[in-house]
Amino acid sequence: MKIVENLFPELCNIYAESYNPEYLARCSDEIDLRRTNHKDVPAFVTEDVAMVYLGCSPERKQEQIIELLRPYRSRIEELIEKGTVFLVTGNAVEIFGREIRDGDRVIPGLGLFDCYAVRYMDRDRHNSQYVGSFTTEDGRELTLLGHKSQFSFSYGDFSRESFVDIEIGIGMNPEIRQEGLRRNHFFGTYSLGPYLIMNPLFTKYLLRLMGLEDRLCFEKEIIEAYEYRRDELRRTLG
């Protein structure tokens, strides 16, 4: 059995993000899905997990989540370096940077990536969609789709550790075309909601990384929906 850990679903499920690991578990009988409450010690601390998932939270909860994870920073870094799969969505990507700047406040992050986030709570929320590409280790290029709704952007040098090369839409901030964070098998994106359902080819890739058969639940239908959405976004936004 492969352990897939969903961290703090009671705090990090604004846009139904918890269905990302739930969908994975429905794709394979070999997945042991763990839902870790914020009062519990995460499974990844003492067990050999195949994947860790963390979703979007309200801005006021980000600081709490950083402090919940800070005691395990070295363990998280160890897992990233050895190739454990991490999927981090929405504003959870900011937790792994150096800091979050909110007006005069500076909230120290975990510092695992050399970037920082700035909140613009006095502005309208940014909403957009993206189409981009991701290249796997064996040179295959996957088209990825995402939806953003956020008050903050991230800044730094994303030239070496970005996840998605943007074709349509914006990157980590409106001035760049690199979106998300990537190191080994750590994948972070500002995209919200059921990312794995929106991106079935990437989901198949994650299953293979975990040593599982890359068969999807409702595979035909979900790939058809992905292809339709991809083509419509290119047609209407390109």
Side-chain angles (χ1 to χ4, degrees), residues 5-21 35-36 38 42 51-70 72-73 76 80 86-130 132 144-156 158 161-164 166 169-183 186-199 202:
E5 182 167 24
N6 183 9
L7 289 175
F8 320 138
E10 71 281 9
L11 301 177
C12 307
N13 189 34
I14 299 180
Y15 299 93
E17 277 83 7
S18 289
Y19 202 76
N20 285 303
R35 301 173 182 87
T36 298
H38 71 284
M51 176 176 167
V52 177
Y53 177 76
L54 183 65
C56 183
S57 69
E59 282 77 12
R60 67 181 183 277
K61 293 293 183 182
Q62 282 180 293
E63 193 166 357
Q64 178 185 0
I65 294 165
I66 291 169
E67 295 313 312
L68 288 170
L69 293 177
R70 195 178 301 284
Y72 315 118
R73 183 192 181 281
I76 295 170
I80 293 172
F86 281 75
L87 179 60
V88 175
T89 60
N91 61 12
V93 298
E94 300 171 353
I95 287 168
F96 296 84
R98 294 199 314 269
E99 61 192 33
I100 301 169
R101 302 177 185 179
D102 185 1
D104 295 331
R105 294 188 67 223
V106 175
I107 302 164
L110 296 179
L112 291 165
F113 288 86
D114 189 19
C115 58
Y116 64 93
V118 180
R119 290 178 183 163
Y120 301 100
M121 303 299 290
D122 57 340
R123 303 184 188 177
D124 291 336
R125 180 184 290 272
H126 168 84
N127 296 285
S128 68
Q129 299 182 80
Y130 73 68
L144 298 179
L145 312 177
H147 170 75
K148 300 184 177 191
S149 183
Q150 60 200 74
F151 283 112
S152 53
F153 297 110
S154 287
Y155 301 86
F158 299 103
E161 293 190 310
S162 66
F163 174 25
V164 183
I166 293 295
I170 69 166
M172 293 295 272
N173 62 69
E175 307 304 318
I176 64 173
R177 309 290 284 179
Q178 294 85 34
E179 207 284 327
L181 301 174
R182 180 194 180 189
R183 181 185 301 155
F186 180 105
F187 305 101
T189 173
Y190 264 125
S191 185
L192 304 167
Y195 194 72
L196 296 183
I197 293 176
M198 285 196 298
N199 293 286
F202 179 68

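The residues of the chain are indexed from 1 along the displayed sequence. Computed from a predicted structure; not experimentally measured.
A distance of 8.0 Å separates CZ in F151 from CG in D124, rounded to the nearest 0.5 Å. The structure places CG of L144 at 9.5 Å from CD of E179, a figure rounded to the nearest 0.5 Å. Remark: I65 CD1 to R70 CZ distance equals 13.0 Å, nearest 0.5 Å. Atom CG of L69 sits about 12.5 Å away from atom NE2 of H38, to the nearest 0.5 Å. With values rounded to the nearest 0.5 angstrom, Y155 atom OH is found 15.5 Å from D114 atom CG. From R182, atom CZ reaches atom OG1 of T189 across 13.5 Å, with rounding to the nearest 0.5 Å.
When side chains are defined from C-beta on, I66 does not count as touching P108, because their heavy atoms never get closer than 4.5 Å. Contact annotation: the side chain of Y53 approaches that of T89 to within less than 4.5 Å [non-hydrogen atoms, C-beta and beyond]. Residues S191 and M198 form a side-chain contact, since some pair of their non-hydrogen atoms from C-beta on lies under 4.5 Å apart. Put simply, the side chain of V88 does not reach to within 4.5 Å of the side chain of L181, judged on heavy atoms. Between N91 and I100, the closest side-chain pair of non-hydrogen atoms is not below 4.5 Å.
With N6 contributing its side chain and R35 its backbone, the two residues share no donor-acceptor pair below 3.5 Å. Under the 3.5 Å distance criterion, the side-chain polar atoms of K148 are matched with a main-chain donor or acceptor of I170. Looking at R177, its side chain never comes within 3.5 Å of a backbone N or O of V164 through a donor-acceptor pair. No donor-acceptor distance shorter than 3.5 angstrom exists from the side chain of E5 to the backbone of L7, with no hydrogens or angles considered.
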Chi angles and distances behind the side chain to side chain contact (heavy atoms under 4.5 Å, CB included) call for E63, R105: CA-CA 11 Å; E63 193 166 357; R105 294 188 67 223; 2.7 Å; yes
Determine, stepwise, if the pair Q64 / L11 fulfils side chain to side chain contact (heavy atoms under 4.5 Å, CB included). CA-CA 10 Å; Q64 178 185 0; L11 301 177; 4.2 Å; yes
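Across A92 and G55, no two heavy atoms sit closer than the pair CB-O, 3.4 Å. Scanning both residues, S18 and C12, for their nearest heavy atoms gives OG-O, 4.2 Å. Residues G180 and F158 come closest through the heavy atom pair O-CD2, 4.4 Å. The minimum heavy-atom distance between V118 and Y116, with the atom names listed, is CG2-CE1, 3.7 Å.
With sequence neighbours excluded, no residue forms a salt bridge (charged side-chain N to carboxylate O under 4.0 Å, His left out) with E10. Residues passing the side chain to side chain donor-acceptor pair (under 3.5 Å) test with N127 are S149, sequence neighbours excluded. Remark: D102 engages R119 in a side chain to side chain donor-acceptor pair (under 3.5 Å) (not counting sequence neighbours).
Between Y190 and Y130, the distance separating the two ring centers is not shorter than 6.0 angstrom. Centroid-to-centroid, the aromatic rings of H126 and F153 come within less than 6.0 Å.
With hydrogens and angles left out, the side-chain atoms of Y195 and E17 include no donor and acceptor closer than 3.5 Å.
Ring geometry for F186 against F96 counts as perpendicular: the plane angle is over 60°, on a 0 to 90° scale with 30° as the lower cut.
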